[in-house]
Amino acid sequence: MDHSLTNIKAVLFDAGNTLLKAEPAAEIRYASTAAKYGVHVDPAEIRTRFMGLWQSFEQERKKALFQTTREGTRAFWRDFVFAVFEPWM
């Protein structure tokens, strides 16, 4: 019997746009939610901001890889969404 897998403690999957795809796309959801609060933004503009900011935010997040908490994850997304919408605030 092969015991090479007996020491595995966890298996992690990258779900975002790998196993799962947001439908409708995030920028459409963001624009729709913003419109409910009186902020009217073209989803294409949101996507441009999102893509422009993602790399710098993701680099910071990777520094704490596997060390984050639920509160840390919420803070990351709060700060990221605020940065995306900053021009319209």
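In this chain, residues are counted from 1 in sequence order. Not measured: the values here are computed from a predicted model.
With sequence neighbours excluded, the residues satisfying side-chain contact (heavy atoms from CB on, under 4.5 Å) with E58 are W54, R61, K62, F76. With sequence neighbours excluded, the residues forming a side-chain contact (heavy atoms from CB on, under 4.5 Å) with P87 are R49, listed by chain and number. Among residues two or more places apart in sequence or in another chain, the side-chain contact (heavy atoms from CB on, under 4.5 Å) test is passed with A83 by L53, F57.
To the nearest 0.5 angstrom, D42 atom CG is 12.5 Å from R47 atom CZ.
Distance alone, capped at 3.5 Å, places no donor-acceptor pair between the S32 side chain and the I28 backbone.
The cluster map of Ile, Leu, Val, Met, Phe, Trp and Tyr, joined by side-chain heavy atoms under 4.5 Å apart, puts F82 and Y30 in the same cluster. By the criterion of side-chain heavy atoms lying less than 4.5 angstrom apart, applied directly or through intervening Ile, Leu, Val, Met, Phe, Trp or Tyr residues, Y37 is not grouped with M89; the two fall into different hydrophobic clusters.
Taking each heavy atom of P43 and E27 in turn, the nearest pair found is O-CB, 3.4 Å.
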